[in-house]
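Letters A, B, ... are given to chains in the order of the sequence lines, protein chains preceding strands, and every chain is numbered from 1.
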Amino acid sequence: MSLQIFDTLARKKRNFSPLEDGQIGIYVCGMTVYDRCHLGHGRVMVAFDAIVRYLRFRGFEVNYVRNITDVDDKIFERAAERKVPFTELTAEMITAMHQDEKYLGCQMPNLEPRATANIDSMIRLISRLIAQGAAYRGSSGDVYFRVRAFPSYGKLNNRRLEDMMEGARVAVAEDKENPADFVLWKTAKPGEEFWDSEFGAGRPGWHIECSAMSMDALGDTFDIHGGGPDLKFPHHENEIAQSEAATGCTFARYWMHAGAVRVNEEKMSKSLKNFVTLDALFKNFHPEVVRFFLLQSHYRSAISFSDDALVQAETAYTRLIQVLPDEATTPDSDTIFEFQELMDDDFNTPRVLALLFELASKNTEEAASSILAIGRVLGLFTSGKINFLSEQQALKAVNSELSDTAVNALVDARQKARAEHDFAAADKIRDDLTAQGIVLEDGAGGTSWHRK
RNA sequence: GGCGCGUUGGCAGAGUGGUUAUGCAGCGGAUUGCAAAUCCGUGGACAUCGGUUCGAUUCCGGUACGCGCCUCCA
């Protein structure tokens with residue numbers, strides 16, 4: 001069975017084979033670091049982390065590159081608002097992003113090139129495009145990519161230039177030859193951040209950084225290019241145009257896009273103000289639960305976020321945690337094979353999680369070992385059973401008005417009442433605790449409790 | 001206006017031309033002082049109208065509704 005990947009450009013699943021045997025180069029568009037990451041960013045992080053982990057599990061040597069966009073109008077605006085150098089803002093956001101990512105159980109990319117560190121490379125690429133007639137300087141001094149110079153412009157989005165012009169509803173810069181031409185180099189206005197170049201002082205357009213940095217890191221042609229759903233157009237379309245116009249060869253061989261995160265049937269986004277940041281989410285849910293929640297949907301489909309959905313995921317995930325073995329032993333090879341078949345089919349993580357629950361109901365040590373082994377490949381169960389449960393309880397304790405000490409006192413009082421066969425009093429205490437999210441369990445060795 | 005996607009049981013969410021998804025919740029039972037947890041069992045679905053077919057939730061076409069992109073956005 002071969003690995004199948006849904007290629008956005010081909011609009012269908014394709015057999016995957018890398019450019020070089022056993023090696024995969026993958027570039028994922030990362031964050032623009034002007035604000036905290038929200039669940040939508042988390043989804044892309046987790047999706048590609050799981051994919052990369054699986055590809056490695058399958059024996060590939062994966063070179064995972066994800067850029068950091070630290071040159072951008074929003075960054076300059078936000079820094080100005082805060083009256084700090086933009087580098088201070090980006091440094092803070094990068095640290096926060098790495099923290100969020102670590103909590104989500106993601107492994108770091110092999111390389112995280114930053115736009116500010118690769119301006120020279122972008123300038124070289126722009127010069128090359130100008131020399132080839134694929135770019136020009138407008139009267140404003142801005143440098144634009146000439147979409148007419150790239151006949152297959154629109155191929156990723158199945159879009160024709162004419163159709164786009166009909167729908168154009170954005171004020172078009174006067175000095176563009178074609179409304180669809182996009183900026184490669186933006187001339188600096190007084191007071192703005194700038195870098196010197198042969199096209200004058202200014203800064204790079206958004207799209208050029210990914211072409212320059214991906215090709216620097218992985219070569220003119222590389223295996224997989226991925227990103228969030230809203231990058232398909234115009235960002236990735238423009239990357240293809242720039243890169244292929246410059247090199248004359250295929251840019252990325254497979255294009256992968258994650259689905260959107262929705263809130264009440266709408267896309268989670270900054271402009272709708274319906275986003276929830278990861279760090280806010282982590283105040284109520286263990287990061288592993290968030291990761292599990294994300295993996296419950298296929299990476300390409302839209303996922304609906306709600307508090308209730310997270311609670312469901314928490315219950316489900318905690319059940320899997322409970323059946324984990326204390327020590328890892330050898331998993332069942334047939335089960336691992338089944339796992340591989342599911343993942344080979346365009347990374348069907350929801351089906352894999354279903355498999356995990358089927359294993360859980362088998363109640364055997366071997367099945368439990370398989371759950372652990374498979375979960376680990378997807379980046380789950382990273383804290384370990386004991387740590388997860390205690391961290392989860394600690395999280396709930398912080399959000400509760402009842403301290404552990406107070407609960408223990410009430411539990412003792414109830415035990416006393418039970419010993420005296422005053423069940424009415426005992427049940428009253430238990431009901432009150434239940435109302436506050438405390439679940440009591442009377443076992444052979446006494447009463448234990450946990451927060452729900 | 002252009003391009004594309006979706007519509008599955010109370011909720012979440014896979015998949016298949018004829019046979020159980022799975023999870024959460026519900027219900028019944030075992031267990032318990034009563035519960036909880038656990039275990040066992042169980043009902044419930046494929047938007048709509050046509051077509052192809054021996055047979056369609058699954059393929060094709062129409063309709064309705066919803067969503068995304070066409071502008072910065074993961």
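- Both distances falling under 3.5 Å, in either a Watson-Crick or a G-U wobble arrangement, occur for no nucleotide opposite B:U16.
- No salt bridge links A:Lys428 with A:Asp431; every basic N to acidic carboxylate O contact stays at or beyond 4.0 Å.
- Between A:Arg430 and A:His207, the residue anchored closer to the 5' end of RNA chain B is A:Arg430, taking for each the nucleotide with the nearest heavy atom.
- Rounded to whole angstrom, the span from the NZ atom of A:Lys267 across to the C1' atom of B:C69 amounts to 8 Å.
- Checked by distance alone, A:Arg159 brings a side-chain donor or acceptor within 3.5 Å of a matching partner on the base of B:C69.
- Between A:Asn238 atom CG and B:C72 atom C1' the separation is 13 Å, expressed in whole Å.
- Looking at A:Arg262, its side chain has no donor and acceptor atom pair within 3.5 Å of the base of B:C67.
- The residue A:Thr315 sits close only to the backbone: its heavy atoms come under 4.0 Å of sugar-phosphate atoms, none of a base.
- In this structure, B:G43 makes no Watson-Crick or G-U wobble pair, since no nucleotide meets both defining distances under 3.5 angstrom.
- Rounded to whole Å, the C1' atom of B:U7 lies 15 Å from the corresponding atom of B:A14.
- Distance A:Ile303 CD1 to B:G23 C1': 14 Å, rounded to the nearest Å.
- Taking a cutoff of 4.0 Å between a charged side-chain nitrogen and a carboxylate oxygen, A:Arg253 and A:Asp223 qualify as a salt bridge.
- The side chain of A:Asn158 places an N or O atom within less than 4.0 Å of a non-bridging phosphate oxygen (OP1 or OP2) of B:G4.
- B:C60 sits 23 Å from B:C65 when the P atoms are compared, rounded to a whole Å.
- Within the 4.0 angstrom heavy-atom criterion, only backbone atoms of the sugar-phosphate kind lie near A:Ser301; the bases stay farther away.
- B:G17 and B:U53 are spaced 9 Å apart, taking the C1' atom of each and rounding to whole Å.
- Of the residues in residues 253-261 of chain A, those lying under 4.0 Å from RNA chain B by heavy-atom distance are A:Gly259, A:Ala260, A:Val261.
- Nucleic acid contact class of A:Arg300 (heavy atoms, under 4.0 Å, all strands): none.
- In the model, A:Arg418 has a side-chain atom that pairs as donor or acceptor with a side-chain atom of A:Gln415 under 3.5 Å.
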Would you sort out whether A:Val289 and A:Phe388 count as a side-chain contact (heavy atoms from CB on, under 4.5 Å), showing the intermediate values? CA-CA 10 Å; A:Val289 169; A:Phe388 173 83; 3.9 Å; yes

With the sugar-phosphate defined as primed atoms, P, OP1 and OP2, and the base as all remaining atoms, what B/S/- string results for nucleotides 36-42 of chain B, 5' to 3', for protein heavy atoms under 4.0 Å? BS-S---

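- Base pairing analysis places B:U31 opposite nothing; no Watson-Crick or G-U wobble pair with both distances below 3.5 Å involves it.
- Contact annotation for A:Met45: no contact, since no heavy-atom pair falls under 4.0 Å across all strands.
- Looking at A:Arg418, its side chain comes within 3.5 Å of the base of B:G33 through a donor and an acceptor atom.
- As a whole-Å value, the separation of A:Tyr34 OH from B:C73 P is 9 Å.
- Between A:His41 atom NE2 and B:A74 atom P there is a gap of 4 Å when expressed in whole angstrom units.
- Using a 4.0 Å heavy-atom distance criterion, A:His38 is classed as a base contact.
- Nucleotides B:C49 and B:U42 have their P atoms positioned 32 Å apart, rounded to a whole Å.
- For B:G13, one of the phosphate oxygens OP1 or OP2 lies less than 4.0 angstrom from a side-chain nitrogen or oxygen of A:Ser297.
- No hydrogens or angles considered: a donor-acceptor pair under 3.5 Å links the side chains of A:Asn408 and A:Trp449.
- Side-chain atoms of A:Glu265 stay outside donor-acceptor range of the base of B:G66, with no qualifying N/O pair under 3.5 Å.
- Side-chain atoms of A:Glu209 and A:Thr69 form a donor-acceptor pair, as typed in the model, at a separation below 3.5 Å.
- Nucleotides B:G61 and B:A25, compared at atom P, are 41 Å apart to the nearest Å.
- Atom pair A:Leu9:CG and B:C69:P shows a separation of 20 Å (rounding to whole Å applied).
- As the counterpart of B:A36, no nucleotide is assigned, since no Watson-Crick or G-U wobble pattern has both distances under 3.5 Å.
- Rounded to an integer number of Å, the gap from CD of A:Gln4 to C1' of B:G15 is 16 Å.
- Place A:Asp427 and A:Glu358 on RNA chain B by their nearest nucleotides, and A:Glu358 ends up nearer the 5' end.
- For B:U16 and B:A45, the C1' atoms lie 14 Å apart once the distance is rounded to whole Å.
- Residues A:Asp279 and A:Thr277 bring a donor and an acceptor atom of their side chains to less than 3.5 Å of each other.
- Looking at A:Thr116 and A:Asp70, their side chains do bring a donor and an acceptor atom within 3.5 Å of each other.
- Of the N and O atoms on the side chains of A:Tyr144 and A:Glu177, not one donor lies less than 3.5 Å from an acceptor on the other residue.
- In this structure, the NE2 atom of A:His236 is 23 Å from the P atom of B:C3, given to the nearest Å.
- Rounded to the nearest Å, the gap between the P atom of B:G44 and that of B:A35 is 28 Å.
- Under the Watson-Crick and G-U wobble criteria, each requiring two contacts below 3.5 Å, nucleotide B:U58 is left unpaired.
- Nucleotide B:G1 forms a pair with B:C70, judged by Watson-Crick or G-U wobble geometry with both contacts under 3.5 Å.
- Base contact: A:Asp230 has a heavy atom under 4.0 Å from a base atom.
- Phosphate contact (OP1/OP2 of B:G15, side-chain N/O of A:Asn348, threshold under 4.0 Å): present.
- Checked by atom type, the side-chain pair A:His450/A:Glu441 shows a donor-acceptor distance below 3.5 Å.
- Nucleotides B:G18 and B:G55, compared at atom P, are 14 Å apart to the nearest Å.
- Contacts of A:Ser271 with the nucleic acid, taken as non-hydrogen atoms under 4.0 Å apart, are absent.
- Here the closest non-hydrogen pair linking A:Phe150 and A:Ala245 is CE1-N, 4.0 Å.
- Side-chain contact check for A:Asp49 and A:Tyr64: no donor-acceptor pair (N or O, by modelled atom type) lies under 3.5 Å.
- By the stacking rule of 5.5 Å between ring centres and under 30° between planes, A:Phe423 stacks on the base of B:G33.
- Both distances falling under 3.5 Å, in either a Watson-Crick or a G-U wobble arrangement, place B:G10 opposite B:C24.
- Between the side chains of A:Asp72 and A:Thr32, no donor-acceptor pair of N or O atoms lies under 3.5 Å.
- Dashed line: the shortest gap from a side-chain N or O of A:Lys232 to OP1 or OP2 of B:C3 is not under 4.0 Å.
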